[in-house]
Amino acid sequence: MKRGFLNGSQAKARSLGPSLAAATVTQVNPSPVIAPEIKVEKLPIGKRNVEVPEGYSQPLRYVERDARAGSVPNAMTYTTLPVGAREDEPVTECFFYPGSKEVVMDLPGFPKPLVHPATPAFRLSSAPGKGLGLFSTRALKQGDHILAERPLFVTVRGIPLQCPPSFTREQYHQHAMNEFERCLEFSVKQRMRPEDSEAFMALKNSHKEDGSGPIVGIVRTNGLRLPGLRPDLKEDSKFQYTAVCKDISRLNHSCSPNTQPRFDMLSFSYNLFAVRDIAEDEELTFQYTDITCSAAKRNEALKPYDFVCTCSACKDPVASDAPRNKIGKFGAPPVYMWLFDHQFPDDWILTRCRERLASIVHEGLEAIGEYSRTLTSAMEACIALGDAQGASEWAAKLMKAKWDDSKERKALEAKLELEALLDPASLAYPAHPMWRKRVDSPYKDARTNPMKRMKMMQEVGALANRDGVARPCAMLF
Ligand SMILES: C[S@@+](CC[C@H](N)C(=O)[O-])C[C@H]1O[C@@H](n2cnc3c(N)ncnc32)[C@H](O)[C@@H]1O
């Protein structure tokens with residue numbers, strides 16, 4: 001019988017099974033998956049010691065290839081990015097689904113060098129009651145760049161698994177953790193640079209008793225979700241990867257975080273930004289879970305990290321649950337329909353945006369998407385009203401929200417549009433597709449004129465979907 005991963009003598013006696021290094025192959029034909037893929041987030045927590053019958057370890061159907069070569073169809077890939085990095089350049093060890101390596105390597109301009117902040121802005125110190133944590137070394141302004149780093153490790157969040165139907169659910173989970181550990185061990189123990197492997201193994205592990213192996217435990221404790229490497233998947237399943245970092249993974253959780261990391265695929269690095277002003281020596285934090293749900297739900301979601309959050313929102317859920325619930329349900333302000341619907345006053349969008357922002361800032365939720373979405377809506381409303389001065393002020397606020405990695409933001413950045421909109425005299429205003437759309441609307445009678453309404457809908461659709469970005473577009477009538 002093979003046991004789960006445990007601390008102490010049992011753990012030392014446990015074998016991880018045959019070494020993956022010995023089984024490394026160049027080309028494989030994976031056999032069909034019997035059990036569904038198992039994900040890191042669905043693995044069990046809590047004290048466990050589950051016995052797994054021997055003999056079901058799957059042959060290692062993975063490929064180690066020179067990073068210059070592409071993926072092998074249907075086989076997982078070990079690789080190190082960027083290819084051919086100098087010894088003093090940081091690299092990321094990767095365990096990829098087929099196709100992900102190409103996503104990165106085919107990006108024009110990859111790899112871009114990392115850009116570090118001019119003055120170091122953080123230090124690693126003890127955070128009472130939380131272990132280690134990151135702290136600011138100087139006063140920071142909203143949008144300030146705190147650090148840039150390539151992850152030590154990027155791995156899939158789960159692996160295809162073969163499992164006999166006779167296994168109980170507990171045995172299935174344990175088997176999955178054993179198999180996942182074997183796969184990841186190859187990356188961390190055999191491929192990673194020794195200093196990176198040491199830094200990885202020194203990270204916190206809050207999964208020492210639930211059957212996770214030491215590497216899976218560290219990944220479960222420290223992984224940040226990493227989107228964008230599986231364009232073949234739908235939006236709602238885009239977080240197929242998890243990234244473990246030497247520094248950013250030391251950030252402790254807060255339900256009102258003061259920093260936010262944004263991943264930049266071209267430099268293959270996270271950049272950490274201050275989401276509001278931060279005092280010198282203040283602890284830097286980010287969120288491990290959805291921070292718009294209730295304190296009870298947040299603490300349920302935090303259980304895998306083995307702590308109870310004591311932030312002010314968790315201490316006083318009566319005061320914070322209701323506004324957070326409302327903020328979570330905001331959705332996009334319906335700017336596109338308001339543009340042409342004169343039943344609503346001209347200041348309707350701006351009033352709503354100001355109320356939303358006050359509530360977001362009061363709860364300390366600047367890190368979430370609603371913050372930048374609301375700033376964008378306010379800026380667009382001013383553009384539609386022909387108010388370049390007002391729009392430029394909102395553009396300046398949006399400019400600081402550098403952690404926003406939405407498609408809308410990326411479209412603005414790609415065309416350097418935001419920079420141009422900072423100047424109210426810029427020609428970017430009259431050239432903007434929404435310029436004066438509200439004040440010069442030809443659809444003022446659209447509610448009573450079906451032909452006009454149809455034309456208006458077409459124009460709304462074109463505006464909301466410009467630049468190949470599908471912006472949410474709520475109907476008002
Ligand atoms: C990703 S690590 C963060 C860095 C960690 N404190 C360390 O010493 O390396 C996550 C672990 O930090 C601790 N932690 C994070 N946020 C915390 C909080 N708000 N209160 C108490 N402990 C926290 C928990 O032990 C959690 O499992």
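Atoms within a ligand are numbered from 1 in the order they appear, just like the ligands themselves. Values below: all heavy atoms of this structure, side chains included; hydrogens, waters and symmetry mates excluded. For the single chain, residues carry numbers from 1 onward in sequence order.
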Hey, are Ser125 and Arg250 close enough side-chain-wise for a donor-acceptor pair under 3.5 Å?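 On atom types as modelled, these side chains do not qualify, holding no pair under 3.5 Å.
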Do the side-chain N and O atoms of Ser212 and Arg220 include a donor-acceptor pair separated by under 3.5 angstrom?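 Looking only at side-chain atoms, Arg220 and Ser212 do form a donor-acceptor pair, the distance falling under 3.5 Å.
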Could you tell me the residue and atom name of the protein heavy atom closest to [atom], and the distance to it rounded to 0.1 Å?
atom	value
atom 8 (O) of ligand 1	Leu132 N, 2.8 Å
atom 10 (C) of ligand 1	Tyr288 OH, 3.3 Å
atom 20 (N) of ligand 1	Phe307 CD1, 3.3 Å
atom 12 (O) of ligand 1	Asn252 OD1, 3.3 Å
atom 25 (O) of ligand 1	Lys204 CE, 3.2 Å
atom 1 (C) of ligand 1	Ser249 O, 3.0 Å
atom 26 (C) of ligand 1	Tyr305 O, 3.3 Å

If you count the atoms of ligand 1 from 1 in the order shown, which ones are under 4.0 Å from a heavy atom of [X]?
X	result
Leu251	3 (C)
Gly131	8 (O)
Ser206	27 (O)

Can Cys309 be said to touch ligand 1, with heavy atoms closer than 4.0 Å?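 False for this residue.
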Counting heavy atoms under 4.0 Å, the part of Ala127 that contacts ligand 1 is neither
Strictly distance-based, threshold 3.5 Å: is any side-chain N or O of Ser249 a donor or acceptor partner for the main-chain N or O of Asn222?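 Yes; judged by distance alone, with no hydrogens or angles, the pair exists.
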Polar contacts were defined as any N/O atom of the residue lying under 3.5 Å from an N/O atom of the ligand; does this apply to Thr221 and ligand 1? no
Purely on distance, is any nitrogen or oxygen of Asp306 under 3.5 Å from one on ligand 1?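 No, since none of the N or O atoms of Asp306 sits under 3.5 Å from an N or O of ligand 1.
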Does Phe330 have Arg356 sitting over its ring (NZ/CZ under 6.0 Å from centre, angle to axis within 45°)?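 Because its charged atom sits under 6.0 Å from the ring centre and within 45° of the axis, Arg356 does stack over Phe330.
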Determine, for [X] against [Y], whether the closest basic-nitrogen to carboxylate-oxygen distance falls under 4.0 angstrom.
X	Y	result
Glu370	Arg373	yes
Lys400	Asp404	no
Arg193	Glu87	no

Just going by heavy-atom distances, which of His253, Gln287, Arg250 is nearest to atom 9 (O) of ligand 1? Arg250
With a 6.0 Å cut-off on the ring centroids, do Tyr97 and Phe95 count as close?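 They do not qualify: ring centres at least 6.0 Å apart.
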Heavy atoms of other groups near Lys410 NZ, more than 12 under 6.0 Å: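 Above 12, so yes.
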Could you check whether the rings of Phe96 and Phe268 sit parallel, tilted or perpendicular, using 30° and 60° as the cut-offs?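 If you compare the ring of Phe96 with that of Phe268, the planes turn out perpendicular.
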